[in-house]
Every structure is written in C-alpha cells, then in structure tokens.
There are 2 protein chains.
Amino acid sequence: MPSKTITSVDVARRAGVSQSTVSRVFSAENHVSEATRARVLAAAQELGYQPNVLARSLTTQQSNIIGIVTHISNPFYPYIIEKLTRRLQAMGRQTLLFSVEPDQEVDDILPLVLQYRVDALIITSASLSSEMASQCERQGTPVVLFNRYALGAKVSAVCCDNIEGGRLVANLLLDAGHKRLAHIAGRAPTSTNRDREKGFSDRLRERGYANWLREESDHAYQTGREAACRLLQRPDRPDAIFCVSDIVAFGAIDAARYDCGLRIPEDVSIVGFDDLPTAAWPAYSVTTIREPVNRMVELTLKLLVERIINPQAEPVLELLPGQLIKRTSARLAE
Amino acid sequence: MPSKTITSVDVARRAGVSQSTVSRVFSAENHVSEATRARVLAAAQELGYQPNVLARSLTTQQSNIIGIVTHISNPFYPYIIEKLTRRLQAMGRQTLLFSVEPDQEVDDILPLVLQYRVDALIITSASLSSEMASQCERQGTPVVLFNRYALGAKVSAVCCDNIEGGRLVANLLLDAGHKRLAHIAGRAPTSTNRDREKGFSDRLRERGYANWLREESDHAYQTGREAACRLLQRPDRPDAIFCVSDIVAFGAIDAARYDCGLRIPEDVSIVGFDDLPTAAWPAYSVTTIREPVNRMVELTLKLLVERIINPQAEPVLELLPGQLIKRTSARLAE
DNA sequence: CACAAATTTGAATGCGCATTCACGCAGTGC
DNA sequence: GCACTGCGTGAATGCGCATTCAAATTTGTG
C-alpha cells in the first residue's frame, strides 16, 4: 500500500521531535525555536505532509468551513457565490456548497448542512422556517440570509432595500409619462419578491395611479418572456413593464421585440432589477436598479465573522440602498 | 453555556444504551434491533442530535466531500457546478468550492485542497502541473479534469472533442462560401483553447484555405468585443468569425452591430462554442457547438466514483463529440 | 556565580465517532 | 438436557490533531 496517509506522527519521527511540536509548527503557534521549526518543515516537505483540517476541527471546534445554500438558475447568484468564495478563501475559510430547488424551503437540507459542522451558514434564494432557525441557534451556527430576510426568525440578513427600489421604478415610469403600467412579479412568496412589488405599487397608489397590470414569473428568462407576451398581447397592452429581476427583463425585451414586433423603448419601456453584467450589453441595455453587491458581500462576511466570534450577538437586518441605472430600455422624462 | 454540542454519548445516555449502539444506528449499519433503534432515534430527536461527519471521516477515511476548483467569470461554469453539485448531493456527497484566477495554475491552491481530505477533486478552468498531480496520486486523491486534459499527468479528464468541433465550424463556414475567415482564440495555453483553434485551422488548411485572421481574448464578453472590433475595423475585414466560446461570440456580435454598424449574418457571420442558454435567445441566436454537458457531468462522476472505490485504476481521457447547432448568427450554405 | 524567570519541548489526554472483540442471550438440532 | 449458532450489545481502542501540564533547557539579573 503506497498511499498510506502521512500524519504528524510520521513527521515527528522523521524530524526527531514529538508530535506536539509538529502540531505547534503547523498551528502557526507559539514558542517553537527556529532550528526545530526548520527541521520539522523540512521533514514535512520530504514526506509531503499536509495537516488534516478535519481532524483539527475536532479539537478546535472550528471547521473553517462556511456553508452556502443557493440555487444557480438565476445568474445573479453565481456572481455572489464567486465573490463570497473568494473573500472567504482570503480569510482562510472554504465554501461548502449546497444546491436547492429555487425558493424551496431550506429545511430539508439543513440537517445535512449541520452535520458538516460549518462555522456559519449563508443562505441565498431560499427561506428558513423559524423552527430550523432555532435549531441552528441551539447548535451555535450563525446564519446570514443574503437577499432575503425573515422577521420572525432570529437570523441576520443582508438585503438590498427592495421597497425603495420598487418606489424608484414607479417614480421613474410615472415621471416619464407612461400611461399603462405593468409588473411582472416573482411567483415565490419571498421577502424580495414582496418588497419589490410593494414599493412599486405603494408608490403608484400614493401618486394616484391604480389598476396596473400584473403577471408572474419565477426569475427565469423563459417564464419572463411568456409573462411579457401575455401582457403585450392584450388589447390594452402596457407601455411600461417593471420586471422583478433582470433575467426576467431580458425575456420581456425579447418578447416585445421578437414575439410582438414592438420597439423598445418607443412602444414599451422595460425596467429590471439587479444590474447583471448582461444588463449593460447594448443588445439589452436595461434600465435597472443596481444592487450594491460588493457592499452586501462585505457586510455579510462582517456579520458572519462577528457572530462566529460572539455567537450571542443579536441578529441584525441590514438594508442597503439600490441605485437607479438609467439605460435605454425605458423612455425617460426629458 | 446553552450551546454545548450534542454528541453520540449524550444520545446514548438518554436512550440508555452504549455509544457504540448510537453509532450503529446512525451508520445505517448492521444488527440493531428495531426496539433499540427506535429508542435511539427518539432520544436523538429530542436532543436535536446530528452526527458529526467530520469526526466520522477520521475513522472511515472518507469525508464524502468532493473538491471543485473553478472560476466563474465564464458563465459556462456555473451551470456545470450546479449540475455537479446536485448530482453529488443526490449521491450523499458535498461540494467544497475553490475559486482560482482564470486559467491560473491550480498548484498554489492544491495543498489547501488536500488539507480538507476531499475524496476526489474536479478541476475546471485550470490546469495542474504533473508534480502536483503526483502529489494527489501519492495522497490517494483521484483527480478529474473537466473540459481540460493533461497528457503528461496521470489524471483522468472529460472533455468535449474540441478538435472535431473546430473542424465542424471550419466546414460550416467554408461550405457557406465565406471568403475571409477569422478566429478569436483564447489567450491561455489550455488544451481547450489549443484544440478548438487546431481543429479549425487544420481543416482550413486541408481545404486549401490559408491566411485567416487571428485575435485573442480571454473567454470574457469585453475582451471578445474588443477583439472583434479590431478585426472588423480592418480594411480587409472578415466575413466570418469563429469565437473560442459563446461569451466571446456575444461580445463579437455586439461589436459588429453596435460598434461597427454591421448586419449579422449578412455582413459578417459569428460562430461560438459551448451553447450557453443565452446563445438561444433571439437577440443573439448564436450558431455554435453544443457541449454535451449532461453526459460530461455523468461521465465525470462515474470516473470519480470508480477511482474512489479503486484508486489504482488507470486514468482515462474521455472525449465526447459536440453538436453543431445552427442558428441565425451565421450565413449557411443553402 | 547563583538563582529566578522565560522559553522550548514532550507525555498524556480528549475531541466525536467507527470498529473490533468479546460476551450474553435466544433459538436450533440432537 | 447439551453443545452450537448467530444476533444484539457494550467496553475498549484508535483515527489525526490541539492542548494542558510538567519537565528540561535557556536566558536574564543581582
């Protein structure tokens, strides 16, 4: 058997020191003389020794693994995960990835996640029952919701201010003199979907506008395109559509142009939400609300680390403002 | 301290059995009477016990964790990772995600990966020195390269047949009577980049065509767009461009339409590679080579599992044919 | 130079679990 | 009635490492 795993004992024997000393060298810890440190490192090098961090986690009670629960059908999330993973890596932590059905309750998979003794948990694109939240609480696993929040449960959340974002869009469309408004909402009952719609419709009502149209999609190109088709084939078709996310807006734009033969923005204005990279491409050039993703990521990690250090800390809800990005998919007030 | 971790000993005490028995129940193992099994499960339920899989990995020598090394700037990879993660989850294994700079040598991060005692390693969008490959070999960690291969190293690889794909494109463009061909290649010296270019240019030469144009990009929209601009602003501008990947093709199409005022495919044909979902959207409608991603994913997992079971198995290189998908971004032979 | 203090090192222990071994007990066949 | 299986269970041990405690060594100080 050539592939016998090399342990700290092997290194110790080879370097002529005790296993404790090897451990000290690799924990970047205190009080090892330069001479022995060098001997140990040399021996480790020769043997190809890598410390077993899983074994280490047993005694330290820290795995340096962060769980991320997500689904990737909406291209918003890969960018988030990429950023999170990179930043975590720079902090010496790794990402254990769990994939769930879009907007499925995360409860099914949570027991599995907890078995891996992740130091903390980031949940995107899924929600968490308060029962499971308290299970995490009991086990001392901090949870941060990303782009979601849950008022009942004792978990932190980092979110774009979706209500204000919806209001900004309502203002933009009314100011530009649109007469017939519509919203393609998200189907799942998430805080994000609700808030974007709420901000939009509240502001419309405040400004005396009623009877906007409404369709649903599920944050995917195809269902967005279909929803837009239904709207645009009505006799009283809208002259402006606010889509719950950019990916839906792409579908809506293609529906308008290629399914219905309409011009954008002359015949119909389309507004999205997120500001995906693709939204800036000239083929779409989507007017949208930009989520402050970098700040959201930083804040998420900050909350995470704080609660890893002090698990007693009270959960926080952080709302960050989005920014209106004006491009050419919507007619503007002159 | 309320958040004392619950261990199998706690469950054992509560259920009035030994720790061994608890362990047997949760290893879904042999020979536990129904009565005691029920008692143990009840006790576990009441205490909220979750077995610690990291501790388990110490004795079983299996972590059930699969490392995936990737970078996500090219949207091809999120889809792959999503699929891999889902399938792994269904097999009871989890994904530990490592992010690297595009096409960076993966050597820097590999020691870190090995510290997590992953059962196996999938590497996409990065290459592996043969020295590191043998380090994995020594430690008994099977490696599968996805969409890359390395002839020297003793690692398995699953790959689209990029050479044949390049040939298909060359045939398509010549058959349609294009007179002035160009290739936007990938900058990094990866097998994928090389093979796509090789298949394309070999076939051109075979058919007596020489002096095609060449530019480089790095599998990103922006650099693809810039490369296309350089080509299309030449006095002898090409009437067909083969792009190393779809994301580059999107940039090239926008360059043609919006930077150079050209019509597609009347003035210039654009062909991509990968068949991203976006390639089917009417705004782009990219003629492309579809990678058989589902079969590639299945094959990757099959190789992985085989080598986890039998680490002595010889490494394999699997080449799967791509499929030409004709859309409207390229003029076709009638 | 003597003695206290600081530094370096090793032996022993435990983290949470799987697994081996041995033991007790019911059931089988004679 | 007895030896013999075979199943269900517990005690003991080890996985690879960090950490505590005590011993050994070096350093600093009067």
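- The phosphate of dG16(D) (OP1 or OP2) has no side-chain N or O of S23(A) nearer than 4.0 angstrom.
- Near DNA chain C, meaning a heavy atom under 4.0 Å away, the residues from residues 51-67 of chain B are P51(B), N52(B), A55(B), R56(B), L58(B), T59(B), T60(B).
- Residue T21(B) is classed as a sugar-phosphate contact, given heavy-atom separations below 4.0 Å to backbone atoms only.
- For the salt bridge (charged side-chain N to carboxylate O under 4.0 Å, His left out) test, residues two or more places apart in sequence or in another chain that qualify with E34(B) are R37(B).
- Taking five base pairs at each end of the helix from dC1(C)-dG30(D) to dC30(C)-dG1(D) and finding the rotation axis that steps the C1' atoms of four pairs onto the next four gives two axes whose angle is 30°, to the nearest 10°.
- Legend: salt bridge (Lys or Arg N to Asp or Glu O under 4.0 Å) pairs involving residues 68-78 of chain A, not counting sequence neighbours: none detected.
- Residues satisfying the side-chain contact (heavy atoms from CB on, under 4.5 Å) criterion with T124(A), sequence neighbours excluded, are T70(A), Y77(A), I122(A), F146(A).
- With rounding to whole Å, R39(B) atom CZ is found 12 Å from dG8(D) atom C1'.
- Closest to the side chain of R24(A), out of dG10(D), dT9(C), dA18(C), is dT9(C).
- The heavy-atom pair separating Q89(B) from S99(A) by the smallest distance is OE1-N, 2.7 Å.
- Scanning atom types as modelled, one donor and one acceptor separated by under 3.5 angstrom connect the side chain of S20(B) and the base of dA11(D).
- By the salt bridge (charged side-chain N to carboxylate O under 4.0 Å, His left out) test, E82(A) is found to be paired with R86(A), residues two or more places apart in sequence or in another chain being considered.
- In this structure, the side-chain contact (heavy atoms from CB on, under 4.5 Å) partners of N310(A), at least two apart in sequence or on a different chain, are Q312(A), A313(A).
- Proximity of T95(B) to I66(B): side-chain heavy atoms (C-beta onward) are nowhere separated by under 4.5 Å.
- Looking at S191(A), its side chain does come within 3.5 Å of a backbone N or O of Y149(A) through a donor-acceptor pair.
- Only one option out of T192(B), N193(B), T190(B) pairs with H219(B) in a side-chain hydrogen bond (donor to acceptor under 3.5 Å, both in side chains); it is N193(B).
- Scanning residues 111-119 of chain B for heavy-atom distances under 4.0 Å to DNA chain C yields an empty list.
- The stretch residues 6-19 of chain B comes close to DNA chain C through T7(B), S8(B), Q19(B), each having a heavy atom under 4.0 Å from the strand.
- A donor atom on one side chain and an acceptor atom on the other are not found under 3.5 Å apart for S23(A) and S20(A).
- By the salt bridge (charged side-chain N to carboxylate O under 4.0 Å, His left out) test, R14(B) is found to be paired with E46(B), residues two or more places apart in sequence or in another chain being considered.
- Among residues at least two apart or in separate chains, ring-ring contact (aromatic ring centres under 6.0 Å, His included) pairs with a member in residues 41-69 of chain A are F26(A)-Y49(A).
- Residues meeting the side-chain hydrogen bond (donor to acceptor under 3.5 Å, both in side chains) test with N64(B), sequence neighbours left out: none.
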